[in-house]
There are 2 protein chains.
Amino acid sequence: MATIERKLLNVEVANEIREMIRVGTLEKGDKINEKELSMALGVSRTPIREALQRLSIEGLIKIIPHRGAFVSSPRLRDIREMFEVMSVLEGTCARMAAEKMSEAEFKKLESLHLELEKHYQNRDHENYLQVNHRYHTYIQELTGNRVLNDIINGIRLKILLYRSQQLYQPRRFDDSISEHRALLEAFKKRDPVQAENLMKTHLMNQCEALVSLYADDDDNE
Amino acid sequence: MATIERKLLNVEVANEIREMIRVGTLEKGDKINEKELSMALGVSRTPIREALQRLSIEGLIKIIPHRGAFVSSPRLRDIREMFEVMSVLEGTCARMAAEKMSEAEFKKLESLHLELEKHYQNRDHENYLQVNHRYHTYIQELTGNRVLNDIINGIRLKILLYRSQQLYQPRRFDDSISEHRALLEAFKKRDPVQAENLMKTHLMNQCEALVSLYADDDDNE
DNA sequence: ATAAAATATATTGTATACAATCAGGGAGTA
DNA sequence: TACTCCCTGATTGTATACAATATATTTTAT
C-alpha cells in the first residue's frame, strides 16, 4: 500500500512555479504577481505567498520587500560561483560513483552515453541537453548521498535559468561530447581520480562557454 | 547614506527561530506551536507560517502536513551524508584559501589558532568550539565564494543541532587541536593540496567522533 | 478495568479583510 | 518641455475568520 500523499497547497504551488521556471514560462527577472497567480491557480494568496517564501530560500526567486517577488537573475559572478561549487560537487559524485560502480550500473551509464552520441550525430541540442541531464543525475544518484543530491539539484535549477544560452555554440557541442567520451573511459576503468578531474573540467568548460556568451550582455554586473 | 533595511516580519521570525535552535532553546524533535509562538513574538500566525516555510527549505525544521512543524532530528545516515559533503566543501575552502592567502590573512588565521591553543590549555570546550567556528568561517570567507559560503553555513547549522554531544570526549579534543596544528602548517607553507586533505580528514574525524557518541542512541535510525 | 467509539478541543490549512507601501498619472510651475 | 508634487489605484504585508484535520477526553460496551 502506497503512502498517502497528503498535499498542501503551498507545496503544490511551489512545484508549479518551479516548473514554470524550468520550462521557461517564467524567465529571469520576471515579476511574479501574487493576485494574478492566485487566480490562475485557483487558490488564495496565502499558499502562494508561502510558496514564494520557500522558493526565495531555494534561491530561485528574490523577494524585495513591498515590491514583490522576481525570478532570480544571477549576475556573472554568481554564475561563476555556482559553477565553481558545482564542479567540486559533481566531481565528487564522479569520484564516488567510479569507486562503487557495478557492472550493471556502468552498462546503464554507457547506454545513456550512446544516446548522447546519437543526438550529437543529429545535432539535436534539445535532446542532447535532456539526456545529458539524465546522465549527470544518474551519476549523482549512484553516490547514494541525498544531501549531495539535493544541493546539486538546487544549483542546477538556478543555472538552468540560463539554459537558453547554453550549448548553442557548435564548438562547445563538439567539446562537450569529447569530454563525455573521456569521462566514460574513466568510468569504464573505474578510475576515481580521473573521473573526478574530468568531471570538474567538464563543468568548468561549460561555465566558460556560458559566461563567454553572456559577457557582453547588458544588465548583468 | 546607508541602505534602509526594510524589515519583514517573516524574516525576523525566521531569524528568531533559527537563533532559538542555534542556542538550544529549541532542540531536535521539538514541536513548534504556531499560536504559542505568535503570542510569544507578538505577531500573527501569518508571518510565523511564512517563516516556517523558509526554515523547512533550509532543512532546519520538518513540516508534517496537518501535524505541525518539528525541529529536524537528522538520522545517523543524514549526519554522515552532511559531513561527507562538508568535508568536500570545507576541503575546497582550505585549498582555495591556501592558494590566495596573503601574509596579513595568514597572521589573522594564526591569531585565531593561538586562541584555540589557549582554550585547549584551559580545557575550555565552550570557547574552543566558539573560536573553532570563527576559524572555519574565516577560511570560508577567504575563498570569496558566497554560494559556497551559504551552503556550508546551512549545513553547519543543521549539524549544530548535535553540538551538545560534540567534542566533549577528551580524546577528540586532543586530536582536534593537533589536526589544527597540522592545518596551520599547511597554510603557512601555502600548500593547497595538503590543506585540502587535512581539512577533509579533520571533518571526517569530527564526524566519526560525533557518530560514535551517538550510535547507541535510540530514536535515530 | 480495558478497549473501542464518540464527542469535544486544539491545531493546522486556507480564504478573506484590512493596513501599509509602492507605482503611475495628471495638475501645476518654472 | 521638463520637473515636482500630490493624488489615485494597485500590490504587498499582516491580521483575522473560517474550514479541515488531528489530538485529547469522555462515554460506552465487553
Side-chain angles (χ1 to χ4, degrees), chain A residues 1-18 20-21 25-73 219, chain B residues 1-18 20-21 25-73 219:
Chain A
M1 112 184 148
T3 315
I4 293 162
E5 263 305 319
R6 197 168 282 291
K7 304 193 176 193
L8 296 186
L9 286 185
N10 63 51
V11 177
E12 298 291 311
V13 170
N15 290 341
E16 202 66 39
I17 297 174
R18 218 179 282 110
M20 288 186 200
I21 291 175
T25 310
L26 283 172
E27 286 183 80
K28 58 184 151 75
D30 284 359
K31 164 150 194 195
I32 299 174
N33 184 305
E34 295 177 6
K35 185 168 187 181
E36 212 172 276
L37 191 60
S38 86
M39 307 231 289
L41 300 179
V43 299
S44 80
R45 277 177 57 218
T46 306
I48 302 274
R49 284 183 58 83
E50 291 183 357
L52 292 177
Q53 298 299 324
R54 302 174 76 107
L55 295 170
S56 78
I57 294 297
E58 292 180 10
L60 273 181
I61 67 172
K62 184 168 172 54
I63 295 175
I64 301 175
H66 297 101
R67 302 272 311 269
F70 300 82
V71 179
S72 293
S73 60
D219 56 356
Chain B
M1 119 183 143
T3 315
I4 292 162
E5 263 305 319
R6 196 169 286 288
K7 304 191 175 193
L8 295 186
L9 285 185
N10 64 51
V11 176
E12 298 291 311
V13 171
N15 290 340
E16 202 67 38
I17 298 174
R18 218 180 280 113
M20 288 184 199
I21 291 175
T25 310
L26 283 171
E27 286 182 81
K28 59 185 148 76
D30 285 358
K31 165 151 193 194
I32 299 174
N33 183 305
E34 294 177 7
K35 186 169 185 179
E36 211 172 278
L37 192 59
S38 85
M39 307 229 291
L41 299 181
V43 300
S44 80
R45 277 177 57 221
T46 307
I48 302 275
R49 284 184 57 84
E50 291 184 356
L52 292 177
Q53 300 298 326
R54 302 174 76 106
L55 295 169
S56 78
I57 293 297
E58 290 180 12
L60 273 180
I61 68 173
K62 184 168 171 55
I63 295 176
I64 301 175
H66 297 101
R67 301 270 312 268
F70 300 83
V71 179
S72 293
S73 58
D219 57 355

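Fair warning: this is a prediction, and the values are worked out from it, not measured in the lab. The sequence lines fix the lettering, A, B, ..., with proteins before strands; numbering per chain opens at 1.
Here B:E58 contributes atom CD and B:I21 contributes atom CD1; the two are 9.0 Å apart, rounded to the nearest 0.5 Å.
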If the sugar-phosphate is the primed atoms plus P, OP1 and OP2 and the base is the rest, what is the B/S/- string for nucleotides 8-14 of chain D, using protein heavy atoms under 4.0 Å? ---SBBB
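The side chain to side chain donor-acceptor pair (under 3.5 Å) pairs that include a residue from residues 31-44 of chain B are B:E34-B:R45, B:E34-B:R49, where partners are two or more places apart or lie in different chains.
Whole-Å rounding puts the A:M39 CE to C:dT16 C1' distance at 15 Å.
Counting only heavy atoms from C-beta outward, the side chains of B:Q53 and A:L52 never approach each other to under 4.5 Å. The closest side-chain heavy-atom distance from A:M20 to A:L37 is below 4.5 Å.
Judged by distance alone, the side chain of A:S72 and the main-chain N or O of A:G59 form a donor-acceptor pair under 3.5 Å.
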